[in-house]
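We number each residue from 1, following the sequence as shown. Just the heavy atoms: all of them, side chains too, but no hydrogens, waters or symmetry mates, feed the values below.
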Amino acid sequence: MKVKLHHITIRELVNGYENREDEGVVGYGGILDIRPPYQREFIYSTEKQRAVIDTIFKNFPLNILYWVKRDDGTFEVMDGQQRTLSICEYYSCNFSIEKDGFTKGYDNLTDKEQKKFLDYKLMVYFCEGNDYEKLEWFRTINIAGEDLSDQEMRNAVYNGTWVNDAKRWFSKKFAGCPAYQIGNKYIGSSVKINRQDLLELAIKWISKGNINEYMRTHQNYKDASELWEYYKNVIEWVQNIFGEPRKEMKGLAWGEYYNDYKDKNLDIEVIQQKVDELMQDEEIENKKGIYLYVLDGKERHLNLRQFPDSIRRTVYEKQQGKCHICQKECKIEEMEADHWKPWHKGGKTEIKNCRMLCSDCNREKSGK
C-alpha cells in the first residue's frame with residue numbers, strides 16, 4: 001500500500017458536493033466517492049457533527065483522512081466518511097452550530113468566517129493498493145476510530161453486488177426500509193437499521209448462524225432475492241400461525257422458529273387459543289416464552305413463578321426440616337420448594353401446594 005500525505009482545503013473538498021442518498025455521495029470536483037460500497041451509513045449524531053465544525057473554527061487539527069486512489073484517477077474515502085460528510089453537510093446548510101452566542105449555519109456566517117472555513121486545510125493520505133490491501137488497511141485504521149458493527153465490517157470484507165442489493169432491502173432508513181416495514185412488529189427495538197443489524201439478523205436466520213460463510217458464497221450473486229424472499233416467508237409464517245401481534249412478540253428468534261417448525265403440521269386455531277389462555281396465566285413470568293412453549297412444550301421458556309422465601313420457611317418449619325419424601329434432615333438452603341400439583345395440571349404457587357424436598361429427591365422426581 002503506497003501512502004502519501006496531501007493538504008486539501010475544504011473549498012476543494014466541497015466543490016461539486018452532491019448527496020444523492022442511495023445513488024452515492026460525491027465531492028472534490030465530483031471525483032471523490034465519499035460513500036463507497038463497503039462504507040457504513042452516516043451515523044454521526046448532530047452533536048458530533050457540530051464538534052467537527054467547532055474544531056475547524058478553532059483551527060485545531062482534525063484526524064487524518066484516508067482516500068484510496070482508483071485506477072481511473074478518481075478517489076474513494078477509506079476512512080473519515082463521518083468527518084467528511086459533517087463538513088459537506090454544514091457547507092450545504094443542513095445543520096447549524098453555536099458560534100459567538102448565536103446559532104449559525106454556513107449561510108449565516110460573515111464573508112470572513114466563510115473564507116476561514118473554506119481555507120481550512122485537511123490532512124489527507126492518498127493510498128494506492130489492491131482490493132485486499134484496501135480492506136486490510138480499512139480494518140486497521142478503524143480499530144481506533146468510530147467502532148464498526150460486526151455486520152458493517154462483513155459488508156466491507158464481502159463487498160459486491162450481493163451486499164449492495166441486500167442493503168436495498170434491509171439497510172435503508174426506517175421509513176424506506178422494506179424489511180422493517182413488514183417486520184417492525186416482530187423485530188426488537190434494539191435493532192438499528194443504519195448499523196446493519198436487521199441485515200445481520202436476516203442472514204443469521206437463513207444461514208442458521210453461519211453468517212460469514214453465507215456472505216462469502218453469495219458475494220458475487222447479482223442480487224439478494226433469496227434472502228428477501230426468505231425473510232418475507234418468516235414474517236408471513238409468524239402472522240399466519242400467531243395472528244394479531246402482541247408486544248411480547250418483538251425481538252423473538254422468529255427465523256429460528258420458522259426453520260424448525262415451518263414444515264410441521266401445526267393446528268393454528270389450537271395454538272392461538274393456547275396463547276390467549278397462557279397470556280392470562282399469572283404463574284407465567286416470562287410471557288415472551290409462551291410462543292416457543294406452544295411449539296415445543298418445554299416449560300423452561302416460561303419462567304414459572306417460584307415460591308417466595310416466606311412460604312419456603314413456613315413449609316420447612318412445618319416439615320421440621322425434613323424432606324417430604326425421604327425424611328432426611330436438611331438445612332433450608334439444601335432444600336428445594338416443589339409444587340405438589342404441577343403447573344401444567346393446574347397447580348398454583350401457593351402455600352397449600354408447596355412441599356420441601358432435598359435436592360436428590362427433587363431431581364429424581366423431575367426426571368420421571
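- Counting only heavy atoms from C-beta outward, the side chains of Tyr91 and Ile10 never approach each other to under 4.5 Å.
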Which is it for Asn353 and Thr349 under the side chain to side chain contact (heavy atoms under 4.5 Å, CB included) test, yes or no, and what are the steps along the way? CA-CA 7 Å; Asn353 194 38; Thr349 306; over 6 Å; no

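- Under a hydrophobic-cluster definition in which Ile, Leu, Val, Met, Phe, Trp and Tyr are linked whenever side-chain heavy atoms come within less than 4.5 Å, directly or via other members, Val191 and Tyr258 are assigned to the same cluster.
- Checked against the 6.0 Å centroid threshold, Tyr106 and Phe117 count as a close aromatic pair.
- The hydrophobic cluster containing Trp343 does not contain Ile351, counting ILVMFWY residues as joined when their side-chain heavy atoms lie under 4.5 angstrom apart, directly or transitively.
- By the side chain to side chain contact (heavy atoms under 4.5 Å, CB included) test, Lys99 pairs with Phe57, Ile97, Lys104, Leu109, Glu113, sequence neighbours left out.
- Here the side chains of Trp169 and Leu199 are not in contact, with every heavy-atom distance at 4.5 Å or above.
- Heavy atoms from other residues, nucleotides or ligands lying under 6.0 Å from CD of Glu98 number more than 12.
- Residues Asn155 and Gln151 have side chains that bring a donor and an acceptor to within less than 3.5 angstrom of each other.
- No donor-acceptor pair under 3.5 Å is formed between the side chain of Glu18 and the backbone N or O of Gly27.
- No continuous path of hydrophobic side-chain contacts links Val68 to Val26 [ILVMFWY only; heavy atoms under 4.5 Å].
- Sorted by first and then second residue, the side-chain hydrogen bond (donor to acceptor under 3.5 Å, both in side chains) pairs involving residues 221-239 (not counting sequence neighbours) are Tyr214-Glu226, His218-Glu226, Asp223-Ser225, Glu229-Lys232, Tyr230-Asn259.
- Here Lys345 pairs with Lys341, Pro342 under the side chain to side chain contact (heavy atoms under 4.5 Å, CB included) rule; sequence neighbours left out.
- For the pair Ile87 and Val52, the minimum side-chain heavy-atom distance is below 4.5 Å.
- Side chain of Arg154 to backbone of Ile211: no donor-acceptor contact under 3.5 angstrom is found.
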Dump the intermediate steps for side chain to side chain contact (heavy atoms under 4.5 Å, CB included) on Gln272 and Glu244, then the final yes or no. CA-CA 9 Å; Gln272 293 185 6; Glu244 287 298 314; over 6 Å; no

Pair Leu32-Leu13, side chain to side chain contact (heavy atoms under 4.5 Å, CB included): steps then yes or no: CA-CA 8 Å; Leu32 174 65; Leu13 172 66; 3.8 Å; yes

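- Proximity of Lys116 to Lys112: side-chain heavy atoms (C-beta onward) are nowhere separated by under 4.5 Å.
- Side-chain contact between Ile271 and Lys274 is absent, with no heavy-atom pair separated by less than 4.5 Å.
- The closest side-chain donor-acceptor pair between Glu336 and Ser359, if any, does not fall under 3.5 angstrom.
- The closest donor-acceptor contact from the side chain of Asn184 to the backbone of Gln181 lies under 3.5 Å.
- Here the two rings, on Tyr186 and Trp205, have centers that are 6.0 Å apart or farther.
- Applying the side-chain hydrogen bond (donor to acceptor under 3.5 Å, both in side chains) definition to pairs two or more places apart or across chains, those involving residues 302-319 are Glu283-Arg305, Arg313-Glu317.
- A centroid separation of 6.0 Å or more is found between the aromatic rings of Tyr291 and Tyr257.
- Across all non-hydrogen atoms, the minimal contact from Ser171 to Gln196 is OG-OE1, 2.6 Å.
- In plain terms, the two heavy atoms of Tyr180 and Leu198 that are nearest each other are N-CD2, 3.7 Å.
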List the steps, then state whether ring-ring contact (aromatic ring centres under 6.0 Å, His included) holds for His6 with Phe126. CA-CA 7 Å; His6 292 259; Phe126 287 9; 3.9 Å; yes

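- Between Met123 and Pro61, the closest heavy-atom pair is CE-CB, 4.3 Å.
- Hydrophobic cluster membership for Ile325: Leu357 (Ile, Leu, Val, Met, Phe, Trp, Tyr linked by side-chain heavy atoms under 4.5 Å, directly or transitively).
- A donor atom on one side chain and an acceptor atom on the other are found under 3.5 Å apart for Thr74 and Asp72.
- Judged by distance alone, the side chains of Asp338 and His324 never bring a donor and an acceptor atom under 3.5 Å apart.
- The shortest side-chain heavy-atom distance between Leu266 and Leu295 falls under the 4.5 Å cut-off.
- When each of Met335, Glu334, Glu329 is checked for a side chain to side chain contact (heavy atoms under 4.5 Å, CB included) with Lys331, only Glu334 meets the rule.
- With side-chain heavy atoms closer than 4.5 Å counting as contact, directly or through intermediates, Val270 stands alone and belongs to no larger hydrophobic cluster.
- Side-chain contact check for Asn108 versus Phe102: every heavy-atom pair is 4.5 Å or farther apart.
- At a cut-off of 3.5 Å, with distance as the only test, no side-chain donor of Arg216 or Gln219 sits close to an acceptor on the other residue.
- Side-chain N or O atoms of Tyr120 include one that pairs as donor or acceptor with a backbone N or O of Phe60 at under 3.5 Å.
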Any chance you could lay out the side chain to side chain contact (heavy atoms under 4.5 Å, CB included) test for Asn212 and Tyr158, step after step, and finish with the verdict? CA-CA 9 Å; Asn212 288 346; Tyr158 301 113; 3.8 Å; yes

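- Ring centroids of Phe307 and His339 are separated by less than 6.0 Å, placing the two rings close together.
- For Trp340 (side chain) and Cys354 (main-chain N/O), a donor-acceptor pair under 3.5 Å exists by modelled atom type.
- Lys250 contributes no side-chain N or O that, together with a main-chain N or O of Gly188, makes up a donor-acceptor pair within less than 3.5 Å.
- Between Ile203 and Phe170 there is no side-chain heavy-atom pair separated by less than 4.5 Å.
- Closest heavy-atom contact between Thr103 and Ser96: CG2-OG, 3.1 Å.
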